[in-house]
2 protein chains.
Amino acid sequence: MSSRTASFDELDRKIITALMANARTSFAEIGAVIGLSATAVKRRVDRLRETGVITGFTATVEPSALGWRTEAYVEVYCEGAAPPRRLAEVVRNHPEITAAMTVTGGADALLHVRARDVEHFEEVLERIRTVPFIRKTISVMVLSHLIPDSPEAGATQAAPE
Amino acid sequence: MSSRTASFDELDRKIITALMANARTSFAEIGAVIGLSATAVKRRVDRLRETGVITGFTATVEPSALGWRTEAYVEVYCEGAAPPRRLAEVVRNHPEITAAMTVTGGADALLHVRARDVEHFEEVLERIRTVPFIRKTISVMVLSHLIPDSPEAGATQAAPE
DNA sequence: AGTGAAACTGAGTGCGG
DNA sequence: CCGCACTCAGTTTCACT
């Protein structure tokens with residue numbers, strides 16, 4: 001669970017790349033590619049999960065197919081000192097907020113919001129604006145994606161450079 | 001592959017929710033929860049993949065554990081009419097750009113960038129700025145995440161509302 | 001579309017190098 | 001840390017309802 005030393009070699013990196021491409025690749029198949037037995041691959045994957053490098057396995061879904069057709073980023077401006085903990089509370093109460101972070105620049109926080117349509121998005125925005133310490137919001141609607149959309153939490157490749 | 005009719009019922013939605021929570025949940029286990037046999041669940045999953053609702057299965061990875069410790073959003077301003085196709089080309093040539101989209105507001109595009117550190121990020125930024133038709137960029141650095149980080153491409157729950 | 005059984009493939013574990 | 005061999009669980013296909 002805890003990511004302590006977290007030292008991993010070239011082999012681990014290749015395993016991660018394989019699992020990011022397809023989380024259902026069998027250990028034997030990965031092993032065949034990188035030159036290791038299925039057992040060895042399994043043990044390394046277990047270790048990567050224990051050390052917190054791999055946090056889970058999820059299905060990637062086309063949001064529009066599920067009825068989420070509107071996407072936007074919302075810059076949030078707070079009154080005085082913005083307490084990240086209270087913001088986190090607010091954010092958790094709105095399922096349409098799929099990501100939230102504190103940022104540099106004029107705004108205190110940046111939210112990623114998914115909604116059914118523009119009407120639904122407006123409703124979410126109104127809900128956010130009722131929060132006492134939120135002073136102002138600026139919305140940027142997403143028009144189209146220029147790349148197929150890689151996972152927010154993971155990098156395109158297993159290692160920088 | 002093609003997402004045509006893509007009509008799915010309550011059962012499909014529950015299957016999607018289960019697989020988003022854990023892509024390795026067995027068909028039998030999902031079936032036990034929603035009241036279906038493993039065979040029936042498998043066929044529905046196969047159909048959901050064919051119709052493009054489920055686009056894949058991936059391992060979620062802690063970017064910082066892989067050496068990606070710097071994250072930012074970059075607003076891109078272009079000269080005259082910004083051609084999305086040419087922007088898409090540019091974006092594909094930089095592995096540090098993990099998401100790119102056209103947006104409303106002053107900027108023409110918004111990029112999500114991951115880099116090793118601030119030095120690396122600066123280098124990426126300089127590379128982006130050499131593109132002829134890119135006039136200006138505004139960077140917003142991510143300081144901390146307020147929620148564990150849900151996948152960019154998928155919604156928190158399987159259906160709006 | 002759903003079920004249940006058969007055949008097969010991959011996961012998980014103990015032991016030895 | 002790795003590989004081998006074994007067991008068992010999960011996947012996949014098929015015949016049938």
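Treat the numbers as computed from the prediction; the structure is a model and nothing was measured. Chain naming here is simple, since letters A, B, ... match the order of the sequence lines and numbering starts at 1 in each.
Using a 3.5 Å distance cut-off with no hydrogens or angles, the side chains of Thr60(B) and Thr58(A) do not pair a donor with an acceptor.
Take Ala32(A) and apply the side chain to side chain contact (heavy atoms under 4.5 Å, CB included) test, not counting sequence neighbours, and it matches no residue. Checked against side chain to side chain donor-acceptor pair (under 3.5 Å), Asp46(A) has the following partners two or more places apart in sequence or in another chain: Lys42(A). Residues forming a side chain to side chain donor-acceptor pair (under 3.5 Å) with Thr102(B) (at least two apart in sequence, or on another chain): Ser144(A). Qualifying side chain to side chain donor-acceptor pair (under 3.5 Å) partners for Asn93(B), counting only residues two or more places apart in sequence or in other chains: none. Among residues two or more places apart in sequence or in another chain, the side chain to side chain donor-acceptor pair (under 3.5 Å) test is passed with Arg92(A) by none.
In DNA chain D, runs of at least 3 stacked Watson-Crick or G-U pairs (N1-N3 plus N6-O4 or O6-N4, or N1-O2 plus O6-N3, all under 3.5 Å) give these stems: C:1-7 with D:11-17, C:9-17 with D:1-9.
One atom, CD of Glu29(A), and another, P of dT9(C), lie 13 Å apart when rounded to the nearest Å.
Screening residues 130-142 of chain B for side chain to side chain donor-acceptor pair (under 3.5 Å) gives Arg129(B)-Thr137(B) as the qualifying pairs, with residues at least two apart or on separate chains. Among residues at least two apart or in separate chains, salt bridge (Lys or Arg N to Asp or Glu O under 4.0 Å) pairs with a member in residues 117-126 of chain A are Glu123(A)-Arg127(A).
Counting side-chain heavy-atom gaps under 4.5 Å among Ile, Leu, Val, Met, Phe, Trp and Tyr, Leu143(A) is found in no cluster with other residues. Alongside Ile138(A), the hydrophobic cluster contains Tyr77(A) (criterion: ILVMFWY side chains under 4.5 Å).
The nucleotide range of DNA chain D contacted by chain A, defined by atoms under 4.0 angstrom from heavy atoms of the protein and reported 5' to 3', is dC2(D) to dA5(D).
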* Structure fact -> Under a 4.0 Å heavy-atom criterion, the protein footprint on nucleotides 12-17 of chain C, written with B, S and -, is SB----
